[in-house]
Amino acid sequence: MGKGLLIVVSAPSGCGKGTILSEVLKNDSFFYSVSATTRAPREGEVNGVNYHFLTKEKFEELIASDGMLEYAQYCGNYYGTPRKAVFDKLEEGKDVILEIEVQGAMKIKERCPEAMFVFILPPSLGTLKERLLKRGTETMEVIEKRVGEAAREIEAAYKYDYVIVNDDLQTAVDDFITAVKAEKMTVKRSEKTIDGVLGK
Ligand code: 5GP
């Protein structure tokens with residue numbers, strides 16, 4: 001692992017994870033790892049910016065050549081983290097953010113146990129339902145299903161290191177930055193600093 005911090009962020013859909021991260025990423029000590037996926041681009045999504053949109057064949061080729069740090073199947077599509085960019089940026093000293101779902105996060109936990117794991121929560125399942133209703137893109141049936149799915153996903157939050165409740169955007173952004181700062185002050189990440197003071 002390089003000099004930067006590997007930060008894994010998960011949240012059920014509708015938690016405002018994207019909005020929090022786009023604010024955090026205005027700070028250029030962070031690098032956002034662009035995932036690969038086989039799902040079709042949504043309106044406004046740009047290849048290479050939101051995702052690397054790949055065919056199933058190309059994605060499977062990358063898996064076979066060990067090009068993925070982790071991958072998972074979610075709602076019938078592949079999603080994965082291209083390995084190279086992550087390690088290159090960590091080596092440069094950037095704090096690399098992986099915005100991935102729970103199964104992938106648990107694979108990172110096995111492979112890179114020194115990573116930091118952050119889970120973003122809605123204030124309640126009721127607020128999550130309200131937000132999805134406001135977005136107005138799904139039927140009531142789909143919304144009920146998504147809230148049920150969110151509850152299941154939130155069960156995994158117990159396995160993460162930090163929890164951020166997205167009630168107020170600015171507070172959530174500040175909490176994220178604070179958690180990263182605190183994480184860097186832990187003794188396990190400060191041994192070189194201690195050695196330096198001791199002249200070792
Ligand atoms: P969406 O299709 O809404 O963009 O993403 C669906 C889910 O896939 C989200 O929970 C998102 O965090 C997750 N995801 C995005 N990229 C990756 C990835 O590289 N690996 C894994 N495991 N999950 C990902």
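The figures here come from the full heavy-atom set of this structure, side chains too, leaving out hydrogens, waters and symmetry mates. Counting starts at 1 for both ligands and their atoms, in listed order.
Heavy-atom contacts of A72 reach the following atoms of ligand 1: 22 (N) (cutoff under 4.0 Å). Below 4.0 Å from some heavy atom of S35 lie the following atoms of ligand 1, by number and element: 16 (N), 17 (C), 18 (C), 19 (O). Here is the list of ligand 1 atoms found below 4.0 Å of a heavy atom in T81: 19 (O). Atoms of ligand 1 found under 4.0 Å from any heavy atom of R42, numbered from 1 in the order shown, are 1 (P), 2 (O), 3 (O), 4 (O). The distance from ligand 1 to the heavy atoms of R39 drops below 4.0 Å at these ligand atoms: 1 (P), 2 (O), 4 (O).
Judged by a 6.0 Å distance limit and a 45° cone about the ring axis, K89 is positioned over the six-membered ring of F31. Cation-pi geometry between K109 and F117 is met: the NZ or CZ atom falls under 6.0 Å from the ring centre, inside 45° of the normal.
Scanning both residues, C15 and I120, for their nearest heavy atoms gives SG-O, 4.0 Å. Closest non-hydrogen pair, P82 versus A36, comes out as CD-N, 4.1 Å. Taking all atoms of both residues into account, the shortest heavy-atom contact from T37 to Y78 is OG1-O, 2.9 Å.
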Please set out all donor-acceptor pairs under 3.5 angstrom arising from side-chain atoms of residues 69-77, sequence neighbours excluded.
residue, atom, partner, partner atom, Å
E70, OE2, T81, N, 3.4
E70, OE2, T81, OG1, 2.6
Y74, OH, E153, OE2, 3.3
N77, OD1, T38, OG1, 3.3

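Taking only nitrogen or oxygen atoms, main chain and side chain alike, A11 does not reach within less than 3.5 Å of ligand 1.
With atom 20 (N) of ligand 1 as the reference point, the heavy atom nearest to it among E45, Q73, E70 is part of E70. Distances from atom 7 (C) of ligand 1 to the heavy atoms of Y78, Y74, Y71, Y51 put Y74 nearest.
The pair D95-K184 meets the salt-bridge criterion, since a charged nitrogen lies less than 4.0 angstrom from a carboxylate oxygen.
The protein non-hydrogen atom at the shortest distance from atom 22 (N) of ligand 1 is E101 OE2, 2.6 Å. At the top of the distance list for atom 11 (C) of ligand 1, counting protein heavy atoms only, stands K17 NZ, 4.0 Å.
The other residues sharing a hydrophobic cluster with V49 are V46, where clustering joins ILVMFWY side chains under 4.5 Å apart.
Taking 4.0 Å as the cut-off, S13 does not count as a neighbour of ligand 1 on heavy-atom distance.
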